[in-house]
Amino acid sequence: MTRQRWTGALLVNGALFLLVLLWTIPTLGIFISSFRDRFDIQTSGWWTVFPHREWETVAVVDPNEIPDLDRQGVMEFEGVTGTFEELRAGIESGDVRVQWVGNRRLGRVEVQKQVWTVNLDFTLDNYQQVIGGKDFEIVDEEGNVEVIPGDDMSNAFLNSLAVAVPSTIIPILIAAFAAYAFAWMNFPGRRILFIIVVGLLVVPLQIALVPVLDVYGDLELNGTFLAIWLAHTGFGLALATYLLFNYIATLPRETLESAFIDGASHFTVFTRLVLPLSVPALASFAIFQFLWVWNDYLVALVFLGSNPEFEVVTQRLADITGSRGNDWHLLTAGAFVSMILPLIVFISLQRYFVRGLMAGSVKG
Amino acid sequence: MEYEETTQEASGVGRILAWLGRFVLAILIPLIAFAVLYAGFIFLRDSNAPKWLIALIAIIWGVGGVALLYWVFNGLVERLPDQWTSRLQPFVFVGPAVAILFAYLLLPSVRTLWLSLLDRDGTEFVGFQNYVDLFSERLLQEAIRNNILWIVFGSTFSVVSGLLIAVLADRSRFERVSKSFIFLPMAISFVGASVIWNFIYEVRPVELPQIGLLNAILVGLGGDPKSWYAWVDIAPWNNLFLIVIVIWLQTGFAMVLFSAALKGIPEELLEAGRVDGATEVQIFFRIMIPYIRGTIITVWTTIVIFTLKIFDVVWVMTGGQFGTHVIATQFYRQAFTARNSGIGSAIAIILLVAVIPVLIYNLRQFREQEAF
């Protein structure tokens, strides 16, 4: 390998590594913080779990024990001289730092040395708080007991599942039937109906929210699972039909025709032949739709917003952000609870996910 | 066998009666099915059963109900005389999809258009007053300005960084693993991403240690901590701190599509360029970019549409404060918080109008395909 090629590879991999690092750090920060104690999160950055140098106090000098100390002028401690203001900020000399801690009259002087250290105090408390809704009691220095309420997300997690599973299966089922009809059946209006499907691909769902909510109000459907399933079905159906049509239309004609000659009905061909053959396309869309529904916030906010009992994880997380935005121990763990399922789906089914994404990027 | 059964049935009056019965059934059964589904949900909503049980029943009820509906309907149609079966069966297959698309997108669009011409309660006709209000007041101007920032910066940086990473990864031994890491944020919800980035932007008073990464770096370099996206002094550029989130999420998407497209470039073409003495940079701009032009346009359009409708990030991070409202957050605020269906609908129509060029492009592409 020539020297030039070698530097080239180094450059490419180096740049790539930097970009990967840049893209990973945000998630890493949340992930590490979710295992840190509430107090630690509030007082030190998450990066302190990595080895770093920190000043550690090795000796304390009481200024009151030094006679004739000129607190207004220049003072000397441990071979370091400086005014109060300079000492307050800390004066470094060699590998030692001298720092005045506290006020001018009553404070103390600390001699500090830099040492390598890691903060490796990890805990599962945060997860217990967001999954079990456990409350924590904290006793402060004056003996007051402070109760830190947990925030139960397990309910929201179940709701998300109950919303996402049918909102994924129902549109696929309906779209598969329709895609089969568009691809293999002849009927009047076939072309114009399909043109409508194509046209609806990019229509923003905002256009439908107000009228649909109105109708739901009349039917008393607001805040039910049925309401949101049908809404997700409606908003995902155009894409599902379009994608499945593209796949089902390319199935080998001979296979289907020989089945018809053997006397199979359309329904049999569809359930016994077309569905099994279309598994890759069905899986791709299923993953795409599942992630879309699981991560959706707007549709849930509009159609389930009226019923806090049916809140999904994204709503719950947004609520915590709004009402307890500084409780990072809850937010970090909560964010991970909300991500865990999409991440599992993503990691285990990445190939299908990529395929679904490539085909399904046009969703409206 | 089913056909024989039906054709062997008696003739004359009996036959007509059987026909009538079938059609009545064909109308009644779906109605009954929907009524049962509906009643089930009202019951579930009001019941005190444990949460997981409700969720489980709901899933079985819903999915099973829909599957059953097709099965029953199809069974009915297949019992009809052959001629009628072939006439009606396509509509059993395609009917529900078309009905749902009409009910959830087409008819609501028309209704939204109508509502946008009415006043806030939808009672009085006001003509184009809502649109005039929208464009004359500051209300939408700020949102449109911000949305343009989102579209321009969000899509450009996603596309450029996606392309850069795709090209780099293509030449690296660590292609798979590095692409996975860049792609990972795609699985994260906008709400989750908002929490992640809020933590990066977290700001503490000067005297306390900074726990947000960005401010920790800034303070380490000797600066004063900033409240990034709430930094109104630099408005409207504080929007960029929100736009970064979408770039972070969408770059993976762009990268995956570009990566696939780059692999489609014939090796001979690149080799020919190299033989002719082109530098790698020239190959990139003169061969690769023109070759994957189509993909670049598709990805760009997709991200533009996506950023046009951006809602979650802004709503969760700022709620539209600090001059960060976008069209979709104004829509939500007007339609659902302020309950002004007239203005809300007008904003929705503006969103629709904005995607119409893409819609027409899609239809034209479709017409050019000979397949249908």
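Reminder, nothing fancy here: chain letters follow the sequence lines and each chain counts from 1.
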To the nearest 0.5 Å, atom CZ of B:Phe331 lies from atom CZ of B:Phe336 at 4.5 Å
Minimum side-chain heavy-atom gap A:Trp294-B:Ser189 below 4.5 Å:
no
Structural part of B:Trp197 lying under 4.5 Å from a heavy atom of chain A
side chain
Quick one: what part of A:Val165 sits under 4.5 Å from any heavy atom of chain B, side chain, backbone, both or neither?
side chain
Contact origin within A:Ala208 toward chain B - heavy atom pairs under 4.5 Å:
both
Which region of B:Phe199, side chain (C-beta onward) or backbone (N, CA, C, O), has a non-hydrogen atom less than 4.5 Å from a non-hydrogen atom of chain A, or is it both or neither?
both
Go through the atoms of A:Leu11 and report whether side chain, backbone, both or neither lie under 4.5 Å from a heavy atom of chain B.
neither
Under 4.5 Å to a heavy atom of chain B? For A:Asp319 that would be neither
With a 4.5 angstrom heavy-atom cut-off, could you sort out which part of A:Thr27 is near chain B: side chain, backbone, both or neither?
both
Measuring heavy-atom distances to chain A, does B:Ala67 have an atom under 4.5 Å in its side chain, in its backbone, in both, or in neither?
both
A:Leu237 side chain near B:Tyr104 side chain, heavy-atom distance below 4.5 Å:
no
Does any backbone or side-chain atom of A:Ile195 lie under 4.5 Å from a heavy atom of chain B? Answer side chain, backbone, both or neither.
both
Sort B:Ile196 into side chain, backbone, both or neither according to what part of it lies under 4.5 angstrom from a heavy atom of chain A.
both
Is there a side-chain contact between A:Leu301 and B:Phe311 in this structure, where contact means two heavy atoms from C-beta onward sitting under 4.5 Å apart?
yes
Counting heavy-atom pairs closer than 4.5 Å to chain A, which one of B:Ser341, B:Pro96, B:Ala169, B:Gly95 comes out on top?
B:Ala169
So, taking the atom named OG1 in A:Thr271 and the one named CH2 in B:Trp71, what distance separates them when rounded to the nearest 0.5 Å?
11.5 Å
Just checking B:Phe91: does its CZ atom have more than 12 heavy atoms from other residues, nucleotides or ligands closer to it than 6.0 angstrom?
yes
Using non-hydrogen atoms and a 4.5 Å limit, figure out which bit of B:Val98 sits close to chain A: side chain, backbone, both or neither.
side chain
Atom group of B:Glu202 that falls short of 4.5 Å from chain A, counting heavy atoms
side chain
Evaluate the side chain to side chain donor-acceptor pair (under 3.5 Å) criterion for residues A:Ser265 and A:Thr268: first the C-alpha distance (whole Å), next the side-chain angles of each, then the deciding distance (0.1 Å), finally the verdict.
CA-CA 5 Å; A:Ser265 70; A:Thr268 319; 2.8 Å; yes
For A:Ser338 and A:Arg316: C-alpha separation, side-chain torsions, deciding distance, then whether side chain to side chain donor-acceptor pair (under 3.5 Å) applies.
CA-CA 9 Å; A:Ser338 81; A:Arg316 187 75 232 127; over 6 Å; no
Honestly, the part of B:Ser116 sitting under 4.5 Å from a heavy atom of chain A is neither
Most heavy-atom pairs under 4.5 angstrom with chain A, which of B:Ile100, B:Val195, B:Leu107?
B:Val195
Is A:Tyr297 in contact with chain B via its backbone, its side chain, both, or neither, using a 4.5 Å heavy-atom distance?
both
Assess whether a salt bridge exists between B:Glu175 and B:Arg173, defined as any Lys/Arg side-chain N lying under 4.0 Å from an Asp/Glu carboxylate O.
no
Checking heavy atoms, do the side chain of B:Ile303, its backbone, both or neither come under 4.5 Å from chain A?
neither
So which part of B:Leu208 gets closer than 4.5 Å to some heavy atom of chain A, the side chain, the backbone, both or neither?
neither
Is it the backbone or the side chain of B:Tyr332 that comes under 4.5 Å from a heavy atom of chain A, or both, or neither?
side chain
Under 4.5 Å from any heavy atom of chain A, what part of B:Trp315 do you find: side chain, backbone, both or neither?
side chain
Under a 3.5 Å threshold, yes or no: a donor from one side chain and an acceptor from the other, between A:Arg36 and A:Gln42?
no
Chain B contact via A:Leu341 - which portion, at a heavy-atom distance below 4.5 Å:
neither
Is there side-chain contact between A:Thr250 and A:Asn246, with at least one heavy-atom pair below 4.5 Å?
no
Which one, B:Val358, B:Ile165, B:Leu213, B:Ile200, leads in non-hydrogen pairs under 4.5 Å with chain A?
B:Leu213
Strictly distance-based, threshold 3.5 Å: is any side-chain N or O of A:Ser34 a donor or acceptor partner for the main-chain N or O of A:Phe31?
yes
Structural part of B:Asn74 lying under 4.5 Å from a heavy atom of chain A:
side chain
Interchain contact, A:Phe270 with chain B, by part (heavy-atom threshold 4.5 Å):
side chain
Region of A:Thr314 that comes under 4.5 Å of a non-hydrogen atom in chain B:
both
Kindly check if the number of other-residue, nucleotide or ligand heavy atoms within 6.0 Å of OH (B:Tyr201) is above 12?
yes
With a 4.5 Å cut-off on side-chain heavy atoms, are A:Phe157 and A:Ile340 touching?
yes
Measure B:Pro185 against the heavy atoms of chain A and call it side chain, backbone, both or neither at under 4.5 Å.
side chain
Engaged part of A:Ala238 at the chain B interface, taking heavy atoms whose separation is under 4.5 Å
both
Counting only heavy atoms closer than 4.5 Å, note whether A:Ile174 contacts chain B via side chain, backbone, both or neither.
both
When heavy-atom pairs shorter than 4.5 Å are enumerated against chain A, which of B:Val92, B:Thr251, B:Thr301 gives the highest number?
B:Thr251
Given heavy-atom pairs under 4.5 angstrom as the criterion, report whether the side chain, backbone, both or neither of A:Thr48 touches chain B.
neither
Ring centres under 6.0 Å, that's the criterion: do B:Phe306 and B:Phe190 meet it?
yes
Is the B:Tyr70-B:Phe93 ring centre distance short of 6.0 angstrom?
no
Heavy-atom distance under 4.5 Å to chain A: side chain of B:Gln89, backbone, both or neither?
both
Of the backbone (N, CA, C, O) and the side chain (C-beta and beyond), which part of A:Ile170 lies under 4.5 Å from a heavy atom of chain B, both, or neither?
side chain
